[in-house]
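A quick write-up on the structure given underneath.
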Amino acid sequence: MPLTIHHNPNDNATLINAYFEENESLAKMVAETDRLFFESVAKWEPSQQKESILTKIKSVWSKTKEPMKMHHTIVGKNGVYPDWKETLDKEWDVLQEKAKKEVYVEADSDIETALSGGERTVYIPEGIFIIDELHVPSYTIVKGAGAGKTVLKLRDTAPKRSFVMTNENHVKGNHHILIEGITFDWNIERLQLDEKSSSGNNRSSCLTFANVEYGWIKNCDAKNPGLHCYDVSSTLYDYSEDGHRARGGSRYVWVDGCTGSGFGDDGVTTHHSDYILVSNCFMCDPSGRSHQKGFSNSNGFEADDGSRYVWLINNASARCFGGVEVKAHATSSAAANVHITGHLSVNDNRSYNFRHIGHHSKTDPDSKTACFITATRIVSVHPIYTDLYTSSKPRALTISAYKHVVINGMRAIGNADYNYKGLPIAGIQYKSKHVHVQNVIMEDFQTTAPALKVFGGAQKAEDVSIKDVVFKNCGQKPFYVAKDVNVVPSKNITIA
């Protein structure tokens with residue numbers, strides 16, 4: 001199933017649901033995942049952090065000791081959504097009231113001037129607008145004529161650190177902003193061919209919300225950013241240590257119906273921000289140019305450092321390093337409380353990759369924050385080796401360091417003629433704990449050994465439950481659990 005750069009993300013849900021036609025309804029599957037998640041949460045033991053002098057000093061610019069809240073995923077008349085979405089919906093009405101003033105940009109008008117002051121709806125007509133970095137105030141709606149029709153392109157002299165568009169004040173923050181129907185062109189052609197494409201922190205992206213409360217990004221397209229297509233972020237990224245989160249994070253932001261390609265790092269990403277909803281989007285074909293060649297951790301969708309309460313619903317990715325990555329760097333808090341309902345990954349190297357870097361091996365400290373992931377109706381189609389990250393092995397699913405993970409409904413379809421070099425295509429490993437996997441079909445991974453592996457050893461997984469798994473054409477021994485792993489006896493494992 002090729003997903004070309006012209007794929008319409010409105011088709012995502014239909015394509016995903018076709019893989020689960022013989023299953024229970026979406027509503028029943030989501031409810032089952034929700035139940036399993038809260039059963040796992042009941043086992044949760046929050047990490048106890050010592051208040052050292054250094055920790056108190058770091059707390060001047062970072063946040064610690066934040067209580068974790070639990071939320072439900074709901075299936076209603078308008079689809080799948082988190083229970084907190086009603087808060088965002090109420091603020092939508094506030095924005096519509098505050099932005100009643102209408103401003104129409106002419107072909108030769110200055111868009112920055114049209115945006116000035118906020119409390120308005122700015123209409124940008126069809127055409128290509130060569131711009132410097134644009135800044136959007138609070139209580140502002142920016143509407144183009146549609147992606148592919150209204151194009152905002154950075155001029156050739158724009159510094160590498162430029163955004164195409166961002167909110168007005170990253171330090172004080174902004175609120176109530178809607179961006180809709182625009183193509184953002186970062187104009188990577190202005191750089192040298194061998195030049196690294198990003199300049200640091202959250203800059204060099206197409207559209208960044210930094211310290212924004214109540215934001216919407218709808219039906220946009222982003223092309224060839226130096227860093228990210230869409231970044232829902234904090235004022236600055238924070239690497240104080242595991243257990244700390246940056247101040248100035250964004251809250252209550254919805255990215256819907258958006259596409260992106262050619263990104264130097266990730267398509268859609270979020271850092272140190274809470275209550276983020278990403279739905280019906282498609283990200284593909286990263287350049288990886290913000291990384292060293294051959295080491296490009298360029299993901300279609302990423303819940304990164306310190307992000308919490310992130311819902312990813314009916315998205316798709318193609319030819320990325322990771323389709324969906326939930327992670328953190330070693331010196332940051334892990335993304336937590338991330339919930340995936342419906343995702344289609346085609347030819348990504350690692351379709352679903354959950355990890356806290358620097359907290360995997362026996363000698364690494366245990367992660368204090370890597371916890372709470374659910375995934376319902378996820379699909380991996382032929383994960384492959386990639387020039388983006390030459391040493392990375394293809395995986396449909398990898399769970400490392402995270403605790404309290406529920407996978408309910410995964411379809412992994414390989415290519416029987418592809419050489420997976422006798423390596424696993426799905427792995428539960430590296431200190432992961434309280435992991436429940438059910439309703440899985442893995443097909444045509446003939447050259448793996450095994451297809452699904454629960455790793456033991458010095459950094460073994462613990463408290464793993466696996467049931468209702470079917471292996472079709474996945475070799476003679478497609479399923480392996482290390483003898484030293486504390487695992488609930490597996491049920492209904494079928495080898496066809």
Side-chain angles (χ1 to χ4, degrees), residues 111-112 115 118 131-138 140-142 144 147 152-154 158-180 182-188 197-218 220-238 246-256 258-278 281 283 286 289-290 298-307 310 335:
I111 299 175
E112 186 79 13
L115 294 168
I131 61 164
D132 294 303
E133 182 177 286
L134 295 175
H135 306 91
V136 184
S138 301
T140 301
I141 298 172
V142 186
L152 303 181
K153 183 176 182 178
L154 284 177
K160 188 194 297 188
R161 65 194 304 270
S162 299
F163 309 99
V164 180
M165 181 177 282
T166 189
N167 56 295
E168 186 177 57
N169 196 317
H170 289 193
V171 176
K172 292 182 179 179
N174 293 103
H175 54 88
H176 297 88
I177 295 174
L178 162 63
I179 312 296
E180 183 173 5
I182 297 172
T183 287
F184 301 97
D185 186 345
W186 195 76
N187 188 15
I188 198 169
S197 61
S198 60
S199 61
N201 195 49
N202 58 15
R203 306 201 65 90
S204 307
S205 296
C206 277
L207 177 57
T208 292
F209 279 178
N211 198 357
V212 170
E213 187 169 34
Y214 310 126
W216 298 261
I217 305 169
K218 300 177 70 67
C220 291
D221 183 41
K223 294 181 179 297
N224 304 322
L227 191 64
H228 303 132
C229 290
Y230 310 93
D231 188 351
V232 182
S233 183
S234 52
T235 305
L236 297 171
Y237 296 164
D238 184 274
R247 297 187 183 275
S250 294
R251 300 177 73 247
Y252 295 106
V253 175
W254 184 6
V255 182
D256 181 59
C258 292
T259 55
S261 60
F263 33 99
D265 190 17
D266 306 306
V268 179
T269 188
T270 177
H271 301 81
H272 302 282
S273 297
D274 295 343
Y275 299 110
I276 312 302
L277 172 58
V278 181
C281 294
M283 300 291 139
R289 284 184 57 179
S290 69
S298 294
N299 306 294
F301 298 83
E302 180 187 70
D304 204 354
D305 301 327
S307 294
V310 179

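Worth saying up front: this structure is predicted, and the values here are computed from it rather than measured.
- Under the 3.5 Å distance criterion, the side-chain polar atoms of Asn202 are matched with a main-chain donor or acceptor of Ser234.
- Paired with Ile182 under the rule side chain to side chain contact (heavy atoms under 4.5 Å, CB included), one option of Val164, Leu152, Ile217, Asp221 passes, and it is Leu152.
- One distance of note links CD1 of Ile141 with NE2 of His176; it measures 11.0 Å at 0.5 Å rounding.
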Intermediate values then yes/no, side chain to side chain contact (heavy atoms under 4.5 Å, CB included), Thr140 and Leu115: CA-CA 8 Å; Thr140 301; Leu115 294 168; 4.2 Å; yes
Verdict with reasoning, Asp256 to Trp216, per side chain to side chain contact (heavy atoms under 4.5 Å, CB included): CA-CA 8 Å; Asp256 181 59; Trp216 298 261; over 6 Å; no
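- Taking the side chain as every heavy atom from C-beta outward, Leu134 and Glu112 approach each other to under 4.5 Å.
- Under the 3.5 Å distance criterion, with hydrogens and angles disregarded, a donor-acceptor pair is assigned to the side chains of Asn299 and Asp266.
- Using a distance-only test at 3.5 Å, with no hydrogens or angles considered, no donor-acceptor pair links the side chain of Asn187 to the main chain of Lys153.
- In this structure the side chain of Thr166 reaches within 4.5 angstrom of the side chain of His135, judged on heavy atoms.
- The backbone N or O of Phe209 lies less than 3.5 Å from no partner atom in the side chain of Tyr230, so there is not a single donor-acceptor pair.
- Ser233 and Thr208 share no donor-acceptor pair across their side chains, judged by distance under 3.5 Å alone.
- Atom NZ of Lys218 is separated from atom SG of Cys258 by 8.5 Å, given to the nearest 0.5 angstrom.
- Shown are Ser199, Ser290, Ser198; of these, the side chain to side chain donor-acceptor pair (under 3.5 Å) with Ser204 is made only by Ser199.
- Residues Phe263 and Cys229 approach most closely at CD2-SG, 3.6 Å, considering heavy atoms.
- Without hydrogens or angle criteria, Ser273 side chain to Ser250 main chain gives a donor-acceptor distance under 3.5 Å.
- A donor-acceptor distance shorter than 3.5 angstrom exists from the side chain of Ser197 to the backbone of Gly226, with no hydrogens or angles considered.
- Nearest heavy atoms, Thr270 versus Ile276: OG1-CG1, 3.8 Å.
- Checked by atom type, the side-chain pair Asp231/Thr269 shows no donor-acceptor distance below 3.5 Å.
- Here the closest non-hydrogen pair linking Leu227 and Arg203 is CD2-O, 3.2 Å.
- A distance of 11.0 Å separates CG of Leu154 from CZ of Phe184, quoted to the nearest 0.5 Å.
- Here the side chains of Cys281 and Val255 are in contact, with some heavy-atom distance below 4.5 Å.
- No donor-acceptor pair closer than 3.5 Å links the side chain of Trp186 to the backbone N or O of Ala222.
- From His271, atom NE2 reaches atom OG of Ser307 across 7.0 Å, with rounding to the nearest 0.5 Å.
- Remark: side-chain polar atoms of Glu213 are not paired, donor with acceptor, to backbone N or O of Arg251 under 3.5 angstrom.
- No hydrogens or angles considered: a donor-acceptor pair under 3.5 Å links the side chains of His228 and Asp265.
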Chi angles and distances behind the side chain to side chain contact (heavy atoms under 4.5 Å, CB included) call for Met283, Glu302: CA-CA 11 Å; Met283 300 291 139; Glu302 180 187 70; over 6 Å; no
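- In this structure, NE2 in His272 is found 5.0 Å from CG in Asp238, a value given to the nearest 0.5 Å.
- Contact record, Val212 with Val253: O-CG2, 4.0 Å, taken as the closest heavy-atom pair.
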Candidate pair Met165 and Val142, rule side chain to side chain contact (heavy atoms under 4.5 Å, CB included), full reasoning: CA-CA 11 Å; Met165 181 177 282; Val142 186; 4.2 Å; yes
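- Interatomic distance, Leu207 CG to Cys220 SG, rounded to the nearest 0.5 Å: 7.0 Å.
- Asn201 contributes a side-chain N or O that, together with a main-chain N or O of Tyr237, makes up a donor-acceptor pair within less than 3.5 Å.
- Of all non-hydrogen atoms in Asn174 and Ser138, the two that sit nearest each other are ND2-OG, 3.2 Å.
- For His175 and Tyr214, the ring centers are positioned 6.0 Å apart or more.
- Using a 4.5 Å heavy-atom cutoff, the side chains of Asp132 and Ser162 are not in contact.
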